[in-house]
Amino acid sequence: MEPLKPADPAELGGIELRGRLGRGGMGVVFYGVTPDGEQVAVKMIREDLLERSEARGRFDREGLAIGMVQGPRVASLIASSPPEEFPPWFAAEYIRGLTLTEYVDQCEPLPAELAAALGIGLSEALTTIHEAG
């Protein structure tokens, strides 16, 4: 996790932001803590995309889609900005752990049993996502 940058918000929707988890094509993801102590990943649309209606629509659809999916292998939506709030954001469960690349780089290639378990978990998550439409 990286520290917040000076221009980053300190909180969104009452969620205290404590660091940056990453930045992608659509937004910036922060590590946050809700008022009741729940750890969340908060995604906020990138500032340079705020005025692009197609990007804003895609971001809004992503938040709606996450809210439609519920299952044991999928991070749940915790909160999202109301339509009039600027900038838009949504918060999902924070799942602590290494990425697969980080694990392989730091540890070793996955043993066959662990790779098979990962494959089963991923297929269960994809099934949940597809069942939600």
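The distance from the CE atom of Met68 to the OG1 atom of Thr128 is 13.0 Å, given to the nearest 0.5 Å. Atom CD of Gln39 is separated from atom CD1 of Ile15 by 12.5 Å, given to the nearest 0.5 angstrom. Taken to the nearest 0.5 Å, the OG atom of Ser80 stands 13.5 Å off from the NZ atom of Lys43. Taking CZ of Arg58 as the start and CZ of Arg52 as the end, the distance is 9.5 Å to the nearest 0.5 Å. In this structure, Thr99 OG1 and Gln106 CD are separated by 8.0 Å, a value rounded to the nearest 0.5 Å.
Within 6.0 Å of the CD atom in Glu11, the count of heavy atoms belonging to other residues, nucleotides or ligands exceeds 12. The environment of Glu102 atom CD is dense: over 12 non-hydrogen atoms of other residues, nucleotides or ligands sit within 6.0 angstrom.
For Pro87 against Leu50, the heavy-atom pair with the smallest separation is CB-CD2, 4.2 Å. When all heavy atoms are compared, the tightest approach of Ala75 to Ile95 is CB-CG1, 4.3 Å. For Asp60 against Pro88, the heavy-atom pair with the smallest separation is OD1-CB, 4.5 Å. Annotation for Ala41 and Leu21: closest pair CB-CD1, 4.2 Å, computed over non-hydrogen atoms.
A chain of hydrophobic side-chain contacts below 4.5 Å, direct or via other Ile, Leu, Val, Met, Phe, Trp or Tyr residues, connects Val104 to Leu98. Under the 4.5 Å side-chain heavy-atom criterion for ILVMFWY residues, a single connected hydrophobic cluster contains both Tyr103 and Leu122. Taking hydrophobic clusters as Ile, Leu, Val, Met, Phe, Trp and Tyr residues chained together by side-chain heavy-atom distances below 4.5 Å, Val33 does not share a cluster with Trp89. Note on Val29 and Val42: separate hydrophobic clusters, where clusters join Ile, Leu, Val, Met, Phe, Trp and Tyr whose side-chain heavy atoms are under 4.5 Å apart, directly or indirectly. In the hydrophobic clustering of this structure, Leu49 groups with Phe86; members are Ile, Leu, Val, Met, Phe, Trp, Tyr whose side-chain heavy atoms approach within less than 4.5 Å, directly or through other members.
At a threshold of 4.0 Å, the pair Glu51-Arg56 does not count as salt-bridged, since none of the basic side-chain nitrogens sits closer than that to a carboxylate oxygen. Ionic pairing of Glu16 and Arg18 is present here: one or more N-O contacts between side-chain nitrogen and carboxylate oxygen are shorter than 4.0 angstrom.
Using a 4.5 Å heavy-atom cutoff, the side chains of Leu12 and Met44 are in contact. Within the 4.5 Å cutoff, the side chain of Leu118 has heavy atoms near those of the Leu100 side chain. Considering only heavy atoms from C-beta on, Arg20 comes within 4.5 Å of Val28 through its side chain. Side-chain contact check for Asp8 versus Phe30: some heavy-atom pair is nearer than 4.5 Å. The shortest side-chain heavy-atom distance between Glu93 and Val40 does not fall under the 4.5 Å cut-off. Residues Ile45 and Phe90 have side chains not in contact (no heavy-atom distance under 4.5 Å, counting atoms from C-beta outward).
One N or O on the side chain of Thr34 and one on the backbone of Glu38 form a donor-acceptor pair closer than 3.5 Å. For Arg46 (side chain) and Gly25 (main-chain N/O), a donor-acceptor pair under 3.5 Å exists by modelled atom type. The backbone N or O of Gln70 lies less than 3.5 Å from no partner atom in the side chain of Ser76, so there is not a single donor-acceptor pair.
Between Tyr94 and Tyr31, the ring planes are perpendicular. Angles over 60° get that label, and only those under 30° would be called parallel.
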